[in-house]
Amino acid sequence: MAVRDGQIFIQDFAGGLNMKDSPQSVRPNEAVECTNYIFSRTGEALVRRGYTLYGDVGTNAPIQGIYRFYRADASYLLVVSGGKVFVDSAEKATGFDPAAPFSFATWDWKNVCFLANGADSLSVFNGSEVVSVADAPASPKHVAVYANRLWVAHADGDPTLLRWSELGDYEEWPATNFAAAAGPITGLVPGYGQLYIFTPNRVEVLVGTGGATTTEGIHTLLEGVGCVAPRTIATHAGVTFFLGHEGVWQFVGGQVRLVSRNIEPAVTNLTPLQRNSAVGAIYDGRYWLSLLSGNKREVYIYDIQHGWWTKFTGIDATAFAVFDGANDTILLLSGDSEGRLWNQDSGETDNGEIIQATWKSKIFLPVPDWNCQFRGIALRTNRTYGKIEVGWSIDHGRVSGVFTWDRTGSESLWGSLIWGVDFWSSFKSSRFTDSFPMKAVGESVQFTIRQTGRGSLHNLTCRLRPKRKVT
């Protein structure tokens, strides 16, 4: 952005959401409010893609876990809801605590996966049935496979306890195979040839691989940094994200970096219910974090490469699973509070509902100590349909108004089909212009863009002329 030759020019929108700084001090390409937009490499603001119904397990109860299990000969989708485990929509087991969220782990060469929830027995799915693991520690909350052993934590009634199986045998659990963490264990992450143990205030590491003579126990790796929301832990390509007291952390090879500074108000001082119900996943280069906000959910998205945040609304995500196997089409599934599964980042609408996006700018002070006559506005867009509104507010609402451009049904060329809108569109680049009324005079201005339907924003220009010095 530059204030020159009598104009405000928002050249790109790639700064993303900034909830921490004041509206006067955020960067020109950041938004103090931002919902349902993502940002391209070149700085365009694009309305996010929608979601479509993937399936319904019929419980009318929250999805407490989704897991894609890859065997050597097949792939399976495990879904937990209403105290039942479904495999590819068929009920395979029942009698589990309906309120307990699940964690999962796969032992590749044994072609089995494990299920744990902290309330019931450790279970295993072998490709045909879900059964309890014989002689396993009681009611583990976390499960992992590491160094050819099965590891469980928060078990036998002890939240600090780590237990592990015999080498290559998940049904043998020697009494000597245990260690204690410095606090309640909130997650296990195998990676970089290590097993990392997360607690609310520490990241610890197991020294050794479980052997009687080669394992020294648990040592503290990072003090003062930990995970407070177990299901927010997500790992992909050697990068792990998790929610701590201070916000969202990125963990790579023993090093951590706080990445949530710009959304700090949304991810700190959370209630126990918010922490326990928070879920996270890494998909298509972005970390998705679903949090309760009142009686609804908000999903915060972090772009790992470019560092921006945004917020998605209208998505009831109680669980996530990513399909990324060799024979899969890469996709992100979410589960909701009524037993349904949704294919995210799919289609042009939210199951038939048009997506509404909002971007609210900083408060601009074009010429300090001068009142300006705001004269004209121009918005450059691409591939848009539906209605776009640009609201303007001068001197904190003393004078305000809205410019509206409606492209619904305005295109008829062959191009891309827009779901839920009965026409074909070529999605041409467009430049919308309009003039401010004479009353649009003041020292500061703020813009709010509201967009209904898909499309992208390139830039925004506001022409102005200094009128008189503020006295």
Side-chain angles (χ1 to χ4, degrees), residues 1-35 37 39-40 42-46 261-265 306-311 357-382 384 387-405 429-451 455-471:
M1 191 283 298
V3 178
R4 64 181 188 276
D5 300 329
Q7 71 175 17
I8 296 170
F9 183 45
I10 302 176
Q11 185 173 359
D12 69 79
F13 299 88
L17 177 63
N18 187 337
M19 304 170 64
K20 180 178 176 64
D21 296 319
S22 72
Q24 293 85 359
S25 59
V26 303
R27 293 187 298 168
N29 67 349
E30 293 179 335
V32 297
E33 294 179 20
C34 182
T35 58
Y37 278 115
F39 307 98
S40 72
T42 56
E44 292 177 279
L46 302 94
R261 184 242 181 228
N262 279 7
I263 62 162
E264 182 180 298
H306 300 105
W308 50 255
W309 284 93
T310 188
K311 180 172 71 174
T358 301
W359 188 93
K360 189 172 185 178
S361 77
K362 70 172 292 174
I363 294 176
F364 292 97
L365 194 68
V367 184
D369 301 324
W370 280 78
N371 281 318
C372 295
Q373 174 73 63
F374 296 94
R375 305 179 68 184
I377 194 164
L379 178 67
R380 176 73 70 178
T381 70
N382 195 31
T384 57
K387 182 187 291 187
I388 297 179
E389 297 179 345
V390 178
W392 50 274
S393 174
I394 294 174
D395 293 346
H396 306 278
R398 182 181 58 80
V399 185
S400 61
V402 178
F403 299 112
T404 302
W405 301 285
S429 177
S430 299
R431 184 172 183 266
F432 301 106
T433 61
D434 212 330
S435 299
F436 285 89
M438 290 300 297
K439 66 179 181 179
V441 177
E443 189 177 8
S444 68
V445 66
Q446 185 175 34
F447 303 102
T448 302
I449 302 173
R450 294 184 175 88
Q451 185 173 349
S456 63
L457 311 175
H458 276 261
N459 55 59
L460 185 144
T461 305
C462 172
R463 293 185 295 108
L464 58 96
R465 180 180 62 193
K467 189 168 184 179
R468 60 179 176 268
K469 195 170 181 64
V470 176
T471 58

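Numbering of residues begins at 1 and proceeds along the displayed sequence.
- A side-chain contact (heavy atoms from CB on, under 4.5 Å) with C462 holds for exactly one of W392, F9, F436; it is F436.
- Nearest heavy-atom pair across R27 and G15 is NH2-CA, 4.0 Å.
- Within the model, atoms CG of L464 and CD of Q7 stand 8.0 Å from one another, a figure rounded to the nearest 0.5 Å.
- In this structure, the side chain to side chain contact (heavy atoms under 4.5 Å, CB included) partners of R380, at least two apart in sequence or on a different chain, are S429, R431, H458, N459.
- Residues V402 and T404 form a side-chain contact, since some pair of their non-hydrogen atoms from C-beta on lies under 4.5 Å apart.
- Scanning all heavy atoms of the two residues, the minimum distance from G16 to W308 falls at CA-CB, 4.0 Å.
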Donor-acceptor contacts under 3.5 Å from residues 364-374 side chains, at least two apart:
unit_1: N371; atom_1: OD1; unit_2: E443; atom_2: N; d: 3.2
unit_1: Q373; atom_1: NE2; unit_2: M438; atom_2: O; d: 3.4
unit_1: Q373; atom_1: NE2; unit_2: A440; atom_2: O; d: 3.4

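- The shortest distance between side-chain heavy atoms of L17 and N262 does not fall below 4.5 Å.
- Taking CD of Q451 as the reference point, atom OH of Y37 lies at 3.5 Å (rounded to 0.5 Å).
- Side-chain contact between V390 and D434: absent, with no pair of heavy atoms (C-beta onward) separated by less than 4.5 Å.
- Nearest heavy-atom pair, F39 versus T310, reported as atom, atom and distance to 0.1 Å: CE1-CB, 4.1 Å.
- Between F432 and W405, the ring centre distance stays below 6.0 Å.
- Here the closest heavy-atom approach between residue I10 and residue P28 is recorded as CG2-O, 4.1 Å.
- Under a 3.5 Å cut-off, the side chain of S361 and the backbone N or O of F447 do form a donor-acceptor pair.
- Judged by distance alone, the side chain of S444 and the main-chain N or O of I363 form no donor-acceptor pair under 3.5 Å.
- Between the R398 side chain and the V441 main chain, a donor and an acceptor come within less than 3.5 Å of each other.
- Within the 4.5 Å cutoff, no side-chain heavy atoms of S393 are placed close to those of T448.
- Nearest approach of W359 to A31, heavy atoms of both residues: NE1-CB, 3.3 Å.
- Take R261 and apply the salt bridge (charged side-chain N to carboxylate O under 4.0 Å, His left out) test, not counting sequence neighbours, and it matches D21.
- Proximity of a side-chain donor or acceptor of S430 to a complementary backbone N or O of T381 within less than 3.5 Å is not detected.
- Atom-to-atom distance recorded for R450:CZ and K387:NZ is 11.5 Å, nearest 0.5 angstrom.
- Between the CD atom in Q446 and the OG atom in S400 there is a gap of 11.5 Å [rounded to 0.5 Å].
- The line from CG of N18 to CD of E264 is 10.5 Å long, rounded to the nearest 0.5 Å.
- The backbone N or O of V26 sits less than 3.5 Å from a side-chain atom of K362, completing a donor-acceptor pair.
- Here the closest non-hydrogen pair linking I394 and G442 is CG2-CA, 3.5 Å.
- For the pair L379 and L457, the minimum side-chain heavy-atom distance is below 4.5 Å.
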